[in-house]
Amino acid sequence: MAQDCVPYTIKAPFPLQVGDMKSEMGRPGVSVIDVTVSEPLDVKEITFKNYYTAFLTVRIQQRKPSDTEGSSTVWRTCIRNLRLMPNPHTEEGSQDYVSLHRHQMLCDTDSVISLRFILRQPSPVWTNFNLEELQINPSGKQSPQEMFSWWLSQLPQEEQLQSLSKDLPDPEKVSNEVQQMWVLTELMRANQSSASVGRFDVDGCYDINLLSYT
């Protein structure tokens with residue numbers, strides 16, 4: 001099955017209220033994002049950009065080939081309370097890119113028919129939190145990083161070095177420019193006058209007409 005062509009639908013985040021909904025102090029500290037696929041999907045990797053989510057739990061619903069049509073399916077937790085921000089009250093980790101691989105999951109991720117992302121942000125500092133650029137990569141589809149690593153490994157060693165260094169400046173040119181800057185700095189330093197400039201002195205002597213007497 002060409003699973004890299006299987007479409008999936010990401011629903012808008014649904015906030016869950018924490019506290020009294022009628023009170024001004026009540027705020028959504030938990031949000032849920034549901035993802036559904038058109039047919040069972042073997043999930044290999046989940047990638048996203050964080051947006052002020054402190055903790056993440058991911059649950060999946062599976063339909064095995066042995067399951068009969070219409071049989072009930074259960075939810076399983078594959079990621080539990082993953083900390084995305086070291087401190088929910090500070091910016092660190094708030095907008096990082098995150099990749100969750102299959103080997104990090106708490107259960108197998110084959111034959112997935114839906115996913116549920118449970119987002120938590122206990123800090124009152126951030127009123128809005130979400131997951132951006134969410135992607136579900138199925139088995140058999142390489143991520144951009146893997147594709148680049150594979151492509152690079154196929155090149156001869158000399159071409160690998162050229163490919164990695166093509167965006168770097170010419171070291172000889174950089175060395176010449178640094179040397180020229182050093183020469184100019186030394187010339188400017190040598191031309192600076194070491195004589196102190198007084199308020200009324202001219203060539204080290206004072207003009208009597210410039211002095212004021214009291």
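Small disclaimer: the values here were computed from a predicted structure and weren't measured. Start at 1 with the first residue, then count along the sequence.
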Problem set entry | Residues V98, L56; criterion side-chain contact (heavy atoms from CB on, under 4.5 Å); working and verdict | CA-CA 11 Å; V98 180; L56 174 66; over 6 Å; no

What is the distance from atom [atom1] of [X] to atom [atom2] of [Y], rounded to the nearest 0.5 Å?
{"X": "E45", "Y": "Q104", "atom1": "CD", "atom2": "CD", "value": "9.0 Å"}
{"X": "Q121", "Y": "H89", "atom1": "CD", "atom2": "NE2", "value": "8.0 Å"}
{"X": "D42", "Y": "Q62", "atom1": "CG", "atom2": "CD", "value": "9.5 Å"}
{"X": "L41", "Y": "T36", "atom1": "CG", "atom2": "OG1", "value": "11.5 Å"}
{"X": "I79", "Y": "L106", "atom1": "CD1", "atom2": "CG", "value": "6.0 Å"}

List the atom of [X], the atom of [Y], and the distance in Å for their closest heavy-atom pair.
{"X": "P13", "Y": "S31", "answer": "CB-OG, 3.5 Å"}
{"X": "Y8", "Y": "V35", "answer": "CD1-CG1, 3.9 Å"}
{"X": "P122", "Y": "A54", "answer": "CD-CB, 3.9 Å"}
{"X": "I136", "Y": "P138", "answer": "O-CD, 3.5 Å"}

Exercise. Could you walk me through whether I46 and F117 pass the side-chain contact (heavy atoms from CB on, under 4.5 Å) check?
Worked result: CA-CA 11 Å; I46 300 172; F117 296 81; 3.9 Å; yes

Exercise. In this structure, which one of I113, T109, V43, V74 forms a side chain to side chain contact (heavy atoms under 4.5 Å, CB included) with I60?
Worked result: T109

For this session: Could you please spell out the steps behind the side-chain contact (heavy atoms from CB on, under 4.5 Å) verdict for M105 and L100?
Result: CA-CA 8 Å; M105 309 294 182; L100 303 177; 4.2 Å; yes

For this session: Tell me whether L82 is reachable from I33 by hopping between hydrophobic residues (I, L, V, M, F, W, Y) whose side-chain heavy atoms are closer than 4.5 Å.
Result: yes

Seminar exercise, completed: Sequence neighbours excluded, the answer for side-chain hydrogen bond (donor to acceptor under 3.5 Å, both in side chains) partners of Q180 is none

For this session: Among residues two or more places apart or on two chains, list those pairs meeting salt bridge (Lys or Arg N to Asp or Glu O under 4.0 Å) that have a residue in residues 77-100.
Result: none

Exercise. Please, which pairs that meet salt bridge (Lys or Arg N to Asp or Glu O under 4.0 Å) have at least one residue in residues 104-131, sequence neighbours excluded?
Worked result: D34-R116, K64-D108, R76-D108, R102-D110

Exercise. With F48, which residues qualify under ring-ring contact (aromatic ring centres under 6.0 Å, His included), at least two apart?
Worked result: none

Problem set entry | Residues forming a side-chain contact (heavy atoms from CB on, under 4.5 Å) with T57, sequence neighbours excluded | R59, T77, N81, I118

Problem set entry | All side-chain contact (heavy atoms from CB on, under 4.5 Å) counterparts of E132, not counting sequence neighbours | K49, Y51

For this session: Please lay out, stage by stage, how F129 and S94 fare under the test side-chain contact (heavy atoms from CB on, under 4.5 Å).
Result: CA-CA 9 Å; F129 54 96; S94 61; over 6 Å; no

Exercise. Are more than 12 heavy atoms from other residues, nucleotides or ligands located less than 6.0 Å from atom CD of Q179?
Worked result: no

Exercise. Sub-3.5 Å donor-acceptor pair from the side chain of W126 to the main-chain atoms of T53, do we have one?
Worked result: no

